[in-house]
Amino acid sequence: MEDAKATRSNFIWDIVQADLAAGRCEKVHTRLPPEPNGWLHIGHAKNIYVNAGTAKRFSGLCNLRIDDTNPAKEEQEFVDGIKGDIQWLGYQWDGGLFFGSSYFDQCYELAEKLILDGLAYVEDLSQEEMRQYRGTLTEPGRNSPFRNRSAEENMDLFRRMRAGEFPNGARVLRAKIDMASPNINMRDPTLYRILHMPHHQTGDKWCIYPMYDFAHPIQDAIEGITHSMCSLEYEAHRPLYNWVVEVCGFPNHPRQIEYARLNLTRTVMSKRYLRKLVEEGHVSGWDDPRMPTLAGMRRRGYKPEGILDFIERAGVAKADSVVELALLEHCVRENLGEIAPRAMAVLRPLRVTIVNWPEGETDAITLENHPNHPEMGTHTIRFGRHLCIEQEDFMENPVGKFFRLKPGGEVRLKGAYIIRCEECVKDALGNVAEVRCTADLSSRSGSEGADRKVKGTLHWVNAEDAAPFEARLYEPLLNDEDAIAEEVEGEEAVPDRKDFIARLNPRSVEVLTGCLAEHCLLSAKDGDVFQFLRMGYFCKDRDGFAFNRTVELKDSFKKASR
RNA sequence: UGGGGAAUGGUGUAACGGCAGCACCUACGACUCUGACUCGUAUUGUCUAGGUUCAAAUCCUAGUUCCCCAGCCA
């Protein structure tokens with residue numbers, strides 16, 4: 001029996017299951033049609049899960065089809081990124097890799113066929129005139145004066161369009177359907193437009209390019225796709241999709257199924273704005289850890305397993321929804337908690353001197369790499385007279401239930417000794433610069449005197465072994481909802497302002513300065529991610545350390561201090 | 001106001017005429033060599049109004065709200 005997670009169903013699977021049962025298709029074949037105009041983001045992960053995942057679920061195949069029908073918006077550089085991200089997520093295009101542009105010949109031939117069949121015509125009206133003839137949501141459109149050209153004339157004009165005789169926008173090829181249709185998408189939609197622009201795959205071969213509505217169903221049908229999953233906004237295009245498959249005479253009929261795209265709280269998902277963030281330099285690139293891209297999340301230390309678990313738990317349905325970021329964080333944390341080796345690091349160091357510990361003498365402390373997985377081994381660090389602890393782990397004037405270090409109080413240093421704070425030394429500004437403590441030498445972890453309980457336990461680093469590291473500063477683009485509201489209010493003249501402001505999770509980014517024990521740096525070579533005890537975790541990427549604080553201190557002392 | 005969709009706790013998602021379940025969030029408690037993790041407990045829900053039925057989230061009628069469509073974008 002499969003476990004509950006694996007059997008979690010959704011309405012798409014029900015449809016596919018029914019199609020299979022009714023014999024409407026023999027083997028499930030889906031496709032992934034990303035447009036190469038940016039890097040994949042967490043929303044695409046859902047698309048991958050839905051399409052490639054459905055194929056996997058029913059032992060079918062999934063194609064990767066680079067959807068590059070519009071040369072104006074697409075760039076070669078994104079293709080490799082897309083492929084890499086899909087593989088990183090753990091999916092393959094076992095059905096093959098295709099390019100929408102490789103069907104240009106077939107699209108063109110079918111367009112000629114439609115002309116011959118009297119189902120398409122060349123339009124001379126300008127864009128503006130076409131808009132007027134189209135009617136409105138409540139009024140029917142009017143037939144174009146060019147609607148009843150002969151097949152011969154249409155063919156001649158269309159071939160001349162292809163030959164490059166006309167400038168951009170001079171003419172288009174339209175489907176002849178119904179200008180009075182209540183569905184505006186059926187009011188003689190455009191099939192082909194003139195675009196004198198080289199294509200990153202086909203070069204200068206074409207100066208006319210098919211529209212999505214024409215190309216997509218053709219591509220699906222040619223590839224033998226059985227189920228074509230896309231987002232809700234294509235629902236009204238489904239009649240057109242079916243019309244194209246029908247009139248082109250394909251024996252097989254792919255089925256388009258729409259589902260609600262993924263929305264996340266506090267997260268900008270529109271590729272247009274993500275692109276703007278990159279192009280205007282608000283972030284370092286598509287893989288900036290603040291970006292909701294798969295590349296950004298990868299750099300943050302997220303693992304595909306956590307992301308996929310999130311997608312699955314968020315579910316697939318037809319209702320528009322906004323999933324809380326907390327669910328993503330939970331899934332990622334759960335995944336990382338299981339696999340990440342533990343390490344101690346201090347981000348904002350506060351010097352601690354153990355006054356009864358001899359200068360120059362050290363004690364080797366062995367710590368497990370994972371509390372639940374002894375097979376992950378141990379690592380050894382040194383305890384000495386000079387240590388660093390977290391600034392926030394000491395309070396000169398403690399409030400409420402503050403279990404950590406305070407004057408006269410005791411805490412255990414993880415894996416080592418219980419220490420007592422004797423006094424704190426301040427700098428010229430009155431800030432605590434150093435805490436002087438005594439260690440209970442009989443309380444060493446593992447020794448006989450170790451069972452004495454103290455309320456707090458702190459992580460620490462031996463100052464001498466600490467390797468200062470320079471972290472990249474990933475400040476949140478915006479701190480909180482109030483700030484967003486304020487900015488939006490003040491910038492009303494810019495309509496896009498609200499969307500443009502990246503509502504990226506402020507908790508995912510932390511400015512840090514501090515030090516790492518040397519062993520951490522060494523261990524980091526083996527695995528990217530460390531569970532960082534109470535704090536969350538941090539990851540190492542090619543540029544250095546990025547700290548991701550996903551676990552907030554939600555303790556009662558925090559409340560008391562308000 | 002045309003057409004196409006969707007409405008279930010704070011959030012997301014199940015239940016396809018038969019006990020409204022699960023997860024996240026939140027709160028409280030237990031545990032703990034960090035207050036994390038883990039474990040336990042709890043609050044909160046079927047858009048509205050009628051109707052059919054022994055029985056309605058589910059079927060019917062009317063209404064309400066939200067989303068998408070008037071690109072030579074996808």
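Here is the naming used below: chain letters follow the sequence lines, and residue numbers restart at 1 for every chain.
Checking A/P371 against A/E324, the closest nucleotide of RNA chain B that is more toward the 5' end is the one next to A/E324.
One can place OH of A/Y259 at 14 Å from P of B/U13, the figure rounded to the nearest angstrom. Rounded to an integer number of Å, the gap from A/M186 CE to B/G2 P is 20 Å. One can place CG of A/L328 at 11 Å from C1' of B/C24, the figure rounded to the nearest angstrom. Here the P atom of nucleotide B/A36 and the NE2 atom of A/H370 are 17 Å apart, to the nearest Å. Rounded to whole angstrom, the span from the CG atom of A/D309 across to the C1' atom of B/C22 amounts to 14 Å. Atom-to-atom, CD of A/E392 to P of B/A36 comes out at 14 Å; the value is rounded to the nearest Å. A straight line from CG of A/L327 to C1' of B/C25 spans 10 Å, rounded to a whole angstrom. If you measure from atom CZ of A/F310 to atom C1' of B/U11, you get 11 Å, rounded to the nearest angstrom.
B/C37 sits 33 Å from B/A7 when the P atoms are compared, rounded to a whole Å. B/G51 and B/G17 have their C1' atoms separated by 15 Å, with the value rounded to a whole Å. Nucleotides B/C69 and B/A74 are separated by 14 Å at their C1' atoms, to the nearest Å. Here, B/U46 and B/C19 have their C1' atoms 15 Å apart, quoted to the whole Å. With C1' as the reference atom, B/C24 and B/U43 are 15 Å apart, rounded to whole Å. If you take atom P in B/A23 and the same atom in B/A14, they sit 16 Å apart, rounded to whole Å. Look at the P atom in both B/U64 and B/U1: the space between them is 8 Å, to the nearest Å. Spacing between B/C67 and B/U11 at atom P, rounded to whole Å, works out to 16 Å.
Listed pair A/H330 / B/C24 meets the phosphate criterion, a side-chain N or O lying under 4.0 Å from OP1 or OP2. Contact annotation: A/K414 side-chain N/O to B/U34 OP1/OP2 distance is under 4.0 Å. For the OP1/OP2 pair of B/C25 and a distance below 4.0 Å, the side-chain nitrogens and oxygens of A/R333 include at least one atom meeting the criterion.
Electrostatic pairing of A/E235 and A/K318 counts as a salt bridge here, judged by a charged N lying under 4.0 Å from a carboxylate O. Using a 4.0 Å cut-off between charged side-chain N and carboxylate O, A/R238 and A/E258 make a salt bridge.
Out of B/C33, B/U13, B/G5, the shortest distance to the side chain of A/S445 is found at B/C33.
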Its contact letters, B for base, S for sugar-phosphate only and - for none at protein heavy atoms under 4.0 Å, make nucleotides 64-74 of chain B read ---SSBBSBBB
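Partners of A/E448 according to the salt bridge (Lys or Arg N to Asp or Glu O under 4.0 Å) rule, which considers only residues two or more places apart in sequence or in another chain, do not exist here. Checked against side-chain contact (heavy atoms from CB on, under 4.5 Å), A/A439 has the following partners two or more places apart in sequence or in another chain: A/I354, A/N356, A/Y417, A/I419, A/L441. With sequence neighbours excluded, the residues satisfying salt bridge (Lys or Arg N to Asp or Glu O under 4.0 Å) with A/E75 are A/R275. Partners of A/R255 under the salt bridge (Lys or Arg N to Asp or Glu O under 4.0 Å) rule, at least two apart in sequence or in another chain, are A/D19.
Remark: the A/S231 side chain and the A/E233 side chain contain an N/O donor-acceptor pair separated by less than 3.5 Å. Between the side chains of A/Y133 and A/D188, no donor-acceptor pair of N or O atoms lies under 3.5 Å.
Taking 90° from 0 as the syn/anti boundary, the base of B/G45 is oriented anti.
In this model, no side-chain donor or acceptor of A/E258 finds a partner on the base of B/G5 within 3.5 Å.
Within the 6.0 Å centre-distance limit, the rings of A/F104 and A/H199 are counted as a close aromatic pair.
Across all strands shown, A/G38 has no heavy atoms under 4.0 Å from either base or sugar-phosphate atoms. Within 4.0 Å (heavy atoms only), A/V411 reaches no atom of the nucleic acid at all. Heavy atoms of A/V454 sit nowhere under 4.0 angstrom from any nucleic acid atom. Among the atoms of the strands shown, none is found under 4.0 Å from any heavy atom of A/G456.
Enclosure of atom CZ in A/R444 by more than 12 non-hydrogen atoms of other residues, nucleotides or ligands within 6.0 angstrom is indicated.
Residues A/N10 and A/Y259 have side chains not in contact (no heavy-atom distance under 4.5 Å, counting atoms from C-beta outward).
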Per-residue pairing states of RNA chain B in dot-bracket (Watson-Crick or G-U under 3.5 Å; . unpaired, | other strand) read .((((((..((((....[..)))).(((((.......)))))....(((((..]....))))))))))).....
